[in-house]
**Q** 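Questions regarding the structure given below will be posed in turn.
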Amino acid sequence: MKILHVVGARPNFMKAAPVLKALAAHDVRQVLVHTGQHYDVKMSDIFFQHLGMPAADVNLGVGSASHSVQTAEVMMRFEPVVVEQRPDWVLVYGDVNSTMAAALVCAKLLVKVAHVEAGLRSGDRTMPEEINRIVTDSIADLLLTPSADGDENLRNEGVPEARIARVGNVMIDTLVQLLPIARERPLDVPEQFALVTLHRPSNVDEPAKLETLVEAIGAISRDIHVVFPIHPRTREALRKLAIDVPPSMTLLEPLGYLDFLALQARATLVITDSGGVQEETTYLGVPCFTLRPNTERPVTMTVGTNVLIGDDLARLRDEVGRVLRGEKRQSGIPELWDGHAAERIAKILVG
Ligand code: UD1
Ligand code: UDP
């Protein structure tokens, strides 16, 4: 059996790594294709090192472009690879443009495709990722979901039961495996700090919105030190804004997985708009305040530590105040977020 994996952007790597590893224990030939959607060392190469992933067999080198151009470039460059490799299964991960583009290529070539992290829905079609999720799930042959809400969303869209398999959260497999190593990383941070990440176009592409967010976070940094590793999209947007950053905010380059995980595990609280960070903070039991009006990962709110803040920055200030006063919400870990999701995927594919 031959299985081809497609990765392209930062959040794909930690999802694919455990599946590659679980399948390596079986009699399977594996091919790893990197679309090149992310290409900076700190957005790509460093994850191969930190996650112990094999180098990609093929890099399509698509780089940055508009959504349509990037999607089309992945499709044009990926099609000949699939034709040449003729895999039995193609695995696509998450909700980035590379995920949808690769799934479309496979659907047209009648090559079976499995979507890892299927069924998530924010209900917000202004999010590019929501379009990617809907399209990918509508054409994939096998929909591997991380949580019961994923199954429910797919059923509501009329997906037959036989195409759905709940396997749990592969991103948490990586976390479970690497947390002991991450905890050994030296960190130059105060005893208490807030970790911040921001990269959603809806937060960072509009200068006035970004300025408001940075000011609000700057105000919070008077009460608790802020550590902010900056995504390249946000770095570019911030460069155009001449904002004075207070010394109580430490701005960093994007971090490798182990260093970022070390910070998450030690953080007093996290402020983010990342999908994956909402999940990781839930597993770690660290309070997470999400600067978005909705989430495709509702179990992080119902079971975990996530609170949706939307645009209500006064609420953010209040919530941070609560954490600083030691008022912690009860939380738990969602079902099947147990470090064994990738093994369940391998079992389904290989038997
Ligand atoms: C992409 C995904 C998003 C995911 C995020 C993870 C889509 C539609 N978006 O958003 O779902 O949450 O990755 O980080 O697929 N850039 C660099 N170096 C890089 C990569 C990007 O400088 O290695 C800069 C470029 O200026 C580029 C911009 O970041 O134009 C945005 O990159 P892109 O991949 O288009 O979208 P992300 O915002 O990274
Ligand atoms: N992450 C990282 N370094 C950083 C920021 C995030 O390693 O500087 C990790 C984070 O722990 C999670 C993943 O990247 O595993 C989330 O990716 P991102 O926030 O870029 O994308 P999203 O999940 O929003 O699609």
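Here, residue 1 is the first one in the sequence, and each next residue gets the next number. Each ligand, and each atom within it, is numbered from 1 in the order the structure gives.
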**Q** Is there at least one pair of N or O atoms, one from N132 and one from ligand 1, spaced under 3.5 Å apart?
**A** no

**Q** As a quick check of understanding, evaluate side-chain contact (heavy atoms from CB on, under 4.5 Å) for V7 and F47, giving each step before the final call.
**A** CA-CA 12 Å; V7 293; F47 295 98; over 6 Å; no

**Q** Looking only at N/O atoms, are D273 and ligand 2 under 3.5 Å apart anywhere?
**A** no

**Q** Measure the distance from atom 18 (N) of ligand 1 to every protein heavy atom, then report the residue, atom name and distance (to 0.1 Å) of the closest one.
**A** D40 OD2, 2.9 Å

**Q** Quick one: which ligand 2 atoms are inside 4.0 Å of a heavy atom on L255?
**A** 2 (C), 3 (N), 4 (C), 7 (O), 8 (O)

**Q** Does D273 use its side chain to pair, donor to acceptor, with the backbone of R200 at less than 3.5 Å?
**A** yes

**Q** What do we get for S274 next to ligand 1 when only non-hydrogen atoms under 4.0 Å count, side chain, backbone, both or neither?
**A** neither

**Q** Apply salt bridge (Lys or Arg N to Asp or Glu O under 4.0 Å) to the pair K108 and E79, showing each step before the final yes or no.
**A** CA-CA 9 Å; K108 300 276 183 180; E79 183 180 51; over 6 Å; no

**Q** Under 4.0 Å from any heavy atom of G275, which atoms of ligand 2 are there?
**A** 22 (P), 23 (O), 24 (O)

**Q** With heavy-atom distances below 4.0 Å as the criterion, list the atoms of ligand 2 near Y257.
**A** 7 (O), 15 (O)

**Q** Where is the nearest protein heavy atom to atom 9 (C) of ligand 2: which residue, which atom, and how far?
**A** M14 CE, 3.8 Å

**Q** Supply the atom-to-atom distance E279 CD to L284 CG, rounded to the nearest 0.5 angstrom.
**A** 12.0 Å

**Q** Can you figure out which of A9, P11, S274 has its heavy atom closest to atom 19 (O) of ligand 2?
**A** S274

**Q** Fit a plane to each ring of H231 and H38, take the angle between them on a 0 to 90° scale, and name the class: parallel (under 30°), tilted (30 to 60°) or perpendicular (over 60°).
**A** perpendicular

**Q** Show the atoms of ligand 1 that are less than 4.0 angstrom away from any heavy atom in V96.
**A** 2 (C), 11 (O), 15 (O)

**Q** As a check for students: among F260, F13, F47, identify the option with a heavy atom nearest to atom 1 (N) of ligand 2.
**A** F260

**Q** So, does D173 use its side chain to make a donor-acceptor pair with the main chain of P18 at under 3.5 Å?
**A** no

**Q** Give me the nearest non-hydrogen protein atom to atom 6 (C) of ligand 1 as residue plus atom name, then the distance to 0.1 Å.
**A** P11 CD, 3.4 Å

**Q** I need the atoms of ligand 2 closer than 4.0 Å to a non-hydrogen atom of Q264, numbered in the order shown.
**A** 11 (O)

**Q** Please state which protein non-hydrogen atom is closest to atom 4 (C) of ligand 2 and give its distance, to 0.1 Å?
**A** R10 NH1, 3.3 Å

**Q** When you measure from atom 25 (C) of ligand 1 to every protein heavy atom, which one gives the shortest distance, and what is it?
**A** S64 OG, 3.4 Å

**Q** Could you go through the salt bridge (Lys or Arg N to Asp or Glu O under 4.0 Å) check for K112 and D141 one step at a time?
**A** CA-CA 6 Å; K112 281 191 291 185; D141 300 276; over 6 Å; no

**Q** For atom 22 (O) of ligand 1, find the nearest protein heavy atom and state the residue, atom name and distance (0.1 Å precision).
**A** P232 CB, 3.3 Å

**Q** Return yes if some donor-acceptor pair links the side-chain N/O of D338 with the main-chain N/O of H340 below 3.5 Å, else return no.
**A** yes

**Q** Applying side chain to side chain donor-acceptor pair (under 3.5 Å) between S122 and each of R292, E129, E130, report the one that passes.
**A** E130

**Q** Using a 4.0 Å cutoff against the non-hydrogen atoms of R200, which atoms of ligand 1 qualify?
**A** 3 (C), 4 (C), 11 (O), 12 (O)

**Q** Considering only heavy atoms of H199, which atoms of ligand 1 have at least one such atom less than 4.0 Å away?
**A** 4 (C), 5 (C), 6 (C), 12 (O)

**Q** Check whether any side-chain heavy atom of F193 lies under 4.5 Å from a side-chain heavy atom of R266, and answer yes or no.
**A** yes

**Q** Nearest to atom 8 (C) of ligand 1, what protein heavy atom do you find, and at what distance?
**A** N97 OD1, 3.2 Å

**Q** Before signing off on this row, confirm whether D95 and ligand 2 have an N or O atom pair separated by under 3.5 Å.
**A** no

**Q** Verify the neighbour count for atom CG of D27: are there more than 12 heavy atoms of other residues, nucleotides or ligands below 6.0 Å?
**A** no

**Q** Look at ligand 2 and say whether M171 reaches it with a heavy atom at a distance under 4.0 Å.
**A** yes

**Q** Does a donor on one side chain sit under 3.5 Å from an acceptor on the other, for N97 and Q37?
**A** no

**Q** Cut-off 3.5 Å, side chains only: do T250 and H225 have a donor facing an acceptor?
**A** yes

**Q** Hydrogens and angles aside, do Y93 and S98 bring a side-chain donor and acceptor to less than 3.5 Å of each other?
**A** no

**Q** At a 4.0 Å cut-off, with the gap strictly under it, does some heavy atom of E236 reach an atom of ligand 1?
**A** no

**Q** Starting from atom 23 (O) of ligand 2, which protein heavy atom do you reach first, and at what distance in Å?
**A** G276 N, 2.7 Å

**Q** Specify the protein heavy atom at minimum distance from atom 3 (C) of ligand 1: its residue, its atom name, and the distance to 0.1 Å.
**A** E129 OE2, 3.2 Å

**Q** Contact between ligand 2 and E129 is defined here as a heavy atom of the residue under 4.0 Å from a ligand atom; is it met?
**A** no

**Q** Assess H50 for proximity to ligand 2: is some non-hydrogen atom of it under 4.0 Å away?
**A** no

**Q** Among all protein heavy atoms, pick the one closest to atom 31 (C) of ligand 1 and tell me residue, atom and distance.
**A** R233 NH2, 3.8 Å

**Q** For R125, is the CZ atom crowded, meaning more than 12 foreign heavy atoms sit under 6.0 Å from it?
**A** no

**Q** Determine which pairs satisfy side-chain hydrogen bond (donor to acceptor under 3.5 Å, both in side chains) with at least one residue from residues 305-314, sequence neighbours left out, and list them in order.
**A** K209-D311, Q278-N306, T290-N306, T300-N306

**Q** At what distance is the nearest protein heavy atom to atom 11 (O) of ligand 2, and which residue and atom is it?
**A** E280 OE1, 2.6 Å

**Q** In the protein, what heavy atom is nearest to atom 16 (N) of ligand 1, and what distance, to one decimal place, separates them?
**A** Y39 OH, 3.5 Å

**Q** Between CG of D95 and CG of N12, what distance do you get to the nearest 0.5 Å?
**A** 8.5 Å

**Q** Would you indicate which of H231, H67, M127, H38 comes nearest to atom 20 (C) of ligand 1 when only heavy atoms are counted?
**A** H38

